[in-house]
A.B. asks: 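The structure follows.
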There are 2 protein chains.
Amino acid sequence: MQFDINKTAAAPTCATQPTELRLSADEAARLATLAKALGHPVRVQIVELLSRYGGEVCVCDIERHFDLAQPTISHHLRVLREAGIIDGEQRGLWVHYRVAPETLEPLRRLLLGLQ
Amino acid sequence: MQFDINKTAAAPTCATQPTELRLSADEAARLATLAKALGHPVRVQIVELLSRYGGEVCVCDIERHFDLAQPTISHHLRVLREAGIIDGEQRGLWVHYRVAPETLEPLRRLLLGLQ
DNA sequence: CCACTATATTGACATTTGTCTATATAAGGA
DNA sequence: TCCTTATATAGACAAATGTCAATATAGTGG
């Protein structure tokens, strides 16, 4: 066995207090999922739009606002739906979407806490 | 020229009112950038942590909370920094990060509007 | 049952993201 | 000046994302 004869004096240590996480891994993952679902301009527009026309917005109307193929809009609606941020309801041939009001509450609380 | 003799009766149309976007493309893009930067559990944890220890958190401390290689943490800090959500300041060998309080305001307002 | 319409799904493909290892940079102390 | 440490950057690579064309699904009405 050898001594480490080249060992130098201990480096100065960082002066800050050690911190602790408050969010569980699950909470952080849930918040990240919500934020990620809002992380595209088209989805931001869709959610903002739905929020102002409570429950009465048809996919055929949403599509008009974007220069994107229909399956692309359908994809963005699915991302929001799977995150629980919006809900769709069939009405005859059409589907109407609305914002699910409770879903974004944890993210809202996070952002208010960061203030 | 031909008549379309197979033309059927007009389909029923969707009964909902046409809607309008309120966000400009730039506003939507900015909001999406902020949300996307928060769209990873590690970044959610980092921002929540920084918000509770205002301006006094060393990278060396942040790293301790995650089972990830140092460059990976550095990458997440960079994503948050480039979105303007956090700022870093060199302190000797160390770098301290803090939340930039104004940056997330537009996202906060969006979420409050969705309530 | 058949034709038509609105929306969703599938599959392909380029781009972006998250992670790592290796290396660079910059600050401090001997 | 040289060594050590903290953090950042570069590069590689697998996985996820955004887009489209093609197709499937489901509802309406003849």
Side-chain angles (χ1 to χ4, degrees), chain A residues 4-16 18 28-29 32-33 35-46 57-83 86-98, chain B residues 4-16 18 28-29 32-33 35-46 57-83 86-98:
Chain A
D4 183 354
I5 60 173
N6 288 319
K7 187 169 183 180
T8 52
T13 49
C14 170
T16 63
T33 297
K36 201 174 183 181
L38 293 177
H40 189 287
V42 167
R43 296 196 294 264
V44 167
Q45 292 277 24
I46 290 174
V57 187
C58 179
V59 174
C60 64
D61 181 276
I62 295 171
E63 285 171 355
R64 276 194 271 277
H65 297 295
F66 307 100
D67 189 21
L68 290 169
Q70 176 266 321
T72 303
I73 300 298
S74 199
H75 162 75
H76 288 303
L77 290 170
R78 193 224 282 247
V79 172
L80 290 169
R81 214 186 324 121
E82 290 186 345
I86 66 175
D87 288 312
E89 188 183 356
Q90 188 99 28
R91 294 283 190 91
L93 268 184
W94 299 275
V95 177
H96 292 187
Y97 277 94
R98 75 184 66 231
Chain B
D4 182 356
I5 59 172
N6 288 318
K7 189 169 183 179
T8 52
T13 48
C14 169
T16 63
T33 298
K36 201 173 183 182
L38 293 177
H40 189 288
V42 168
R43 296 196 293 265
V44 167
Q45 292 277 25
I46 290 174
V57 187
C58 179
V59 173
C60 63
D61 181 277
I62 295 170
E63 284 171 355
R64 275 194 271 277
H65 297 295
F66 307 100
D67 189 21
L68 290 169
Q70 175 267 320
T72 301
I73 299 298
S74 200
H75 162 75
H76 288 303
L77 290 169
R78 192 222 281 246
V79 171
L80 291 168
R81 214 185 323 119
E82 291 186 344
I86 65 176
D87 289 311
E89 189 182 356
Q90 188 98 27
R91 293 286 190 89
L93 268 183
W94 300 274
V95 176
H96 292 186
Y97 277 94
R98 76 184 66 232

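To find a chain, count down the sequence lines: A is the first, B the second, and so on, and within it residues start at 1.
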A.B. asks: If you round to the nearest 0.5 Å, how far is CG of A:Leu93 from SG of A:Cys58?
C.D. replies: 9.5 Å

A.B. asks: Write down the distance between CG (A:Asp67) and C1' (D:dC20), rounded to a whole number of angstrom.
C.D. replies: 13 Å

A.B. asks: In whole Å, I'd like the distance from the NE2 atom of B:His76 to the C1' atom of D:dT7.
C.D. replies: 16 Å

A.B. asks: For residues B:Val95 and B:Leu77, determine if any side-chain heavy atom of one lies less than 4.5 Å from a side-chain heavy atom of the other.
C.D. replies: no

A.B. asks: At what angle, to 10 degrees, do the two end axes of the helix from C:dC1-D:dG30 to C:dA30-D:dT1 meet, given five pairs define each axis?
C.D. replies: 20°

A.B. asks: Suppose the criterion is salt bridge (charged side-chain N to carboxylate O under 4.0 Å, His left out): which pairs have a residue in residues 62-76 of chain B, not counting sequence neighbours?
C.D. replies: B:Asp61-B:Arg64

A.B. asks: Using a heavy-atom cut-off of 4.0 Å across all strands, would you classify B:Arg43 as base, sugar-phosphate, or nothing?
C.D. replies: sugar-phosphate

A.B. asks: Under the salt bridge (Lys or Arg N to Asp or Glu O under 4.0 Å) rule, collect the residues that match up with A:Arg98, sequence neighbours excluded.
C.D. replies: A:Glu89

A.B. asks: Atom CZ of B:Arg91 and atom C1' of C:dA26: how far apart are they, to the nearest Å?
C.D. replies: 17 Å

A.B. asks: Can you check whether B:Lys36 has a side-chain N or O nearer than 4.0 Å to OP1 or OP2 of C:dT17?
C.D. replies: yes

A.B. asks: Could you tell me the separation between the CD1 atom of B:Ile86 and the P atom of D:dT7, rounded to a whole number of Å?
C.D. replies: 13 Å

A.B. asks: State which residues pass side-chain hydrogen bond (donor to acceptor under 3.5 Å, both in side chains) with B:His76; sequence neighbours excluded, sorted by chain then number.
C.D. replies: B:Arg43

A.B. asks: Between the protein and nucleotides 7-13 of chain C, which nitrogen or oxygen pairs come in under 3.5 angstrom?
C.D. replies:
from: C:dT7; atom 1: OP1; to: A:Cys60; atom 2: N; distance (Å): 3.3
from: C:dT7; atom 1: OP1; to: A:Val95; atom 2: N; distance (Å): 3.4
from: C:dT7; atom 1: OP2; to: A:Cys60; atom 2: N; distance (Å): 3.0
from: C:dA8; atom 1: OP1; to: A:Tyr97; atom 2: OH; distance (Å): 2.8
from: C:dA8; atom 1: OP2; to: A:Ser74; atom 2: OG; distance (Å): 3.1
from: C:dA8; atom 1: N7; to: A:Gln70; atom 2: NE2; distance (Å): 2.7
from: C:dA8; atom 1: N6; to: A:Gln70; atom 2: OE1; distance (Å): 3.0

A.B. asks: Report the residues that fulfil side-chain contact (heavy atoms from CB on, under 4.5 Å) with B:Ala15, sequence neighbours left out, ordered by chain and then residue number.
C.D. replies: none

A.B. asks: If every non-hydrogen atom of A:Cys14 is compared with every non-hydrogen atom of B:His96, which pair is closest and at what distance?
C.D. replies: SG-NE2, 4.4 Å

A.B. asks: What heavy-atom pair brings A:Ala28 and B:Gln45 nearest, and what distance separates the two atoms?
C.D. replies: CB-NE2, 3.6 Å

A.B. asks: Whole Å only: how far is the CZ atom of A:Phe66 from the P atom of D:dC20?
C.D. replies: 13 Å

A.B. asks: Tell me whether the OP1 or OP2 atom of C:dT19 has a side-chain N or O from B:His40 closer than 4.0 Å.
C.D. replies: yes

A.B. asks: Rounded to the nearest Å, what distance is computed from the CD atom of residue B:Glu89 to the C1' atom of nucleotide D:dT7?
C.D. replies: 15 Å

A.B. asks: For the residue pair A:Ala37 and A:Ala83, what are the closest heavy atoms and their distance?
C.D. replies: CB-CB, 3.7 Å

